Number of protein chains: 2
Amino acid sequence: MATRVLLVDDHALVRDGLRRSLEVYKIHVAGEAGDGATALRLVAELDPDVVLMDVALPDMDGVAVTKQLVAAHPEVPVVMLTMYGDQATIGEAIAAGAAAYVVKDCTTAEIAAVIDEVAAGETALSPALAETMLRAAHRGGVAILSAREREVLQLIAEGSSTTEVAARLYITPKTTKNHLASIYHKLEATDRTQAVLQGLRKGIIRLR
Amino acid sequence: MATRVLLVDDHALVRDGLRRSLEVYKIHVAGEAGDGATALRLVAELDPDVVLMDVALPDMDGVAVTKQLVAAHPEVPVVMLTMYGDQATIGEAIAAGAAAYVVKDCTTAEIAAVIDEVAAGETALSPALAETMLRAAHRGGVAILSAREREVLQLIAEGSSTTEVAARLYITPKTTKNHLASIYHKLEATDRTQAVLQGLRKGIIRLR
DNA sequence: AGTGATTTGAGTCGTTCGACCTATCGATCT
DNA sequence: AGATCGATAGGTCGAACGACTCAAATCACT
């Protein structure tokens, strides 16, 4: 029997193409959603075998939707689909409970294979895939910031000043500046603007 | 006879889906390219009726490829495809000589229609489409920066300081600061970091 | 037990930034 | 023809920033 999938992607074009491509591999698209709210509704309605979700959604984050989905329907595995294999998103996707993580670079056959595996009950994020992905992300020369440094950079990227970051993290402005200096070193940036842009390029932080 | 198209997109998945979708509308994909160099080679080899090109390419910019393509093969119209209807890219695409500009939001039928129109010789960027797109971009609450202001913001986003921007634009640092002040007003930002991030969100500038 | 990384905090010093104000010149619009 | 807008340029001033150096506590890994 064909695997029944719910497609979640904000681009009608991509959904359309994906549906036709997957059907070649005997995977049936039971429904399509262009946003997170619809996705949540349709999962309840259609009870698909697998949800294939793009991380970039208009109303909410694909990761946020995944979290809610996993909470509400733990029996339905979610396969996350993304343009880039960026560190931050992969980490969050795993934390959110995604069953698999696929980059849009791969072939339709590969995605179909992953969907079937996941549908067959291999709900755990396959270690091989996770390792490959993480290593791929690292290969890209990603300078790894410490947890605290990432927090600081994310807040800076949300428009906070040094003092505001300090207030929100309950540390002194001086410490914040020290973290920033460390970030500049690791990212080879000379100011906060460059640091934020580097962080975005390397996928360390995200645009909100 | 079916229209012969060359697909240019770095994601195999998207190409695959697009090909199957387009075939439903009697549009034949004569070839696929994952990068700009391959695209240029295949146009010469295959002589397609239309090139359907994504703006985001790994080796070079879709806009740059389009420019070279238009220069080398002015008889082959290029349809630009993008995720977002961002102001900056639309402007550049028009300047590069693209025959049409399509957002990935629209349906397969719409794209197929545009391809057929373009193939039929309506090489000029259809004014209606351009207008619609531009208005759509405006509707999104896009604060419109002047050409000069966009240049300044783009350079800032590439890591330049005020003085460096000034040097690259052959103006004084003072004028650069004035442009920046104007940008802050229009984008409701208080510093360069926020301005760059707003610019990215609104699609006024691009991450390079 | 010791080495190293992380987190927190501090001081100094020169540079840069951003806000506010004015002004000229040319183009475009009404 | 007058008005508006954009690009250019100048000035002042206080606040924020970034570079450099130092130090102590904590935790992990060896």
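Note: hydrogens, waters and symmetry copies are ignored here, and every other heavy atom, side chains too, is used. Just so it is clear, the structure is predicted and the values come from calculations on it, not from any experiment. In what follows, chains carry the letters A, B, and so on, assigned in the order in which the sequence lines appear, proteins first and then strands, with residues in each chain numbered from 1.
- With A:Gln154 as the partner, the side chain to side chain donor-acceptor pair (under 3.5 Å) test is satisfied by one option alone out of A:Glu151, A:Arg150, A:Glu158: A:Glu158.
- Across all strands shown, B:Ser182 has no heavy atoms under 4.0 Å from either base or sugar-phosphate atoms.
- Across the interface with DNA chain D, nearest-nucleotide mapping of A:Tyr184 and B:Ile171 shows B:Ile171 to be the residue nearer the 5′ end.
- Between the CD atom of B:Glu164 and the C1' atom of C:dC17 there is a distance of 15 Å, rounded to whole Å.
- With C:dG9, D:dT8, D:dG18 as the candidates, the nucleotide lying closest to the side chain of A:Thr172 is C:dG9.
- The separation between B:Tyr170 atom OH and D:dA7 atom P is 19 Å, rounded to whole Å.
- Counted by atom type alone, A:Asp191 and B:Ser161 present zero donor-acceptor pairs between their side chains at under 3.5 Å.
- Side-chain contact, A:Thr38 with A:Asp35: a donor N or O sits under 3.5 Å from an acceptor N or O.
- Here A:Thr162 reaches the OP1 or OP2 of D:dC17: one of its side-chain N or O atoms lies under 4.0 Å away.
- Atom NZ of B:Lys177 and atom P of D:dG10 are 12 Å apart (whole Å).
- The distance from atom CG of A:Leu180 to atom C1' of C:dT7 is 14 Å, rounded to the nearest whole Å.
- The side chain of B:Lys186 sits closest to D:dG6 out of C:dG9, C:dC17, D:dG6.
- Looking at A:Arg168 and A:Glu164, no side-chain N of the basic residue comes within less than 4.0 Å of a carboxylate O on the acidic one, giving no salt bridge.
- Going from atom CG of B:Asn178 over to atom P of D:dG6 covers 14 Å, rounded to whole Å.
- When the side-chain nitrogen and oxygen atoms of A:Thr175 are compared with OP1 and OP2 of C:dG9, one or more of them lie within a distance under 4.0 Å.
- As rounded to whole Å, 7 Å separates atom C1' of D:dG11 from atom NZ of B:Lys174.
- A sub-4.0 Å separation between OP1 or OP2 of C:dC17 and a side-chain N or O of A:Arg192 is absent.
- Using a 4.0 Å heavy-atom criterion, one finds that A:Thr163 contacts no nucleic acid atom at all.
- C:dT7 atom P lies 6 Å from atom NE2 of A:His179, rounded to whole Å.
- Regarding contacts with the backbone of C:dT6, every side-chain N or O of A:Ser146 stays at 4.0 angstrom or more from both OP1 and OP2.
- The interatomic distance linking A:Leu153 (CG) with C:dT7 (P) rounds to 13 Å, in whole Å.
- Note that CG of A:Leu18 and OG of B:Ser21 are 9.0 Å apart. Values are rounded to the nearest 0.5 Å.
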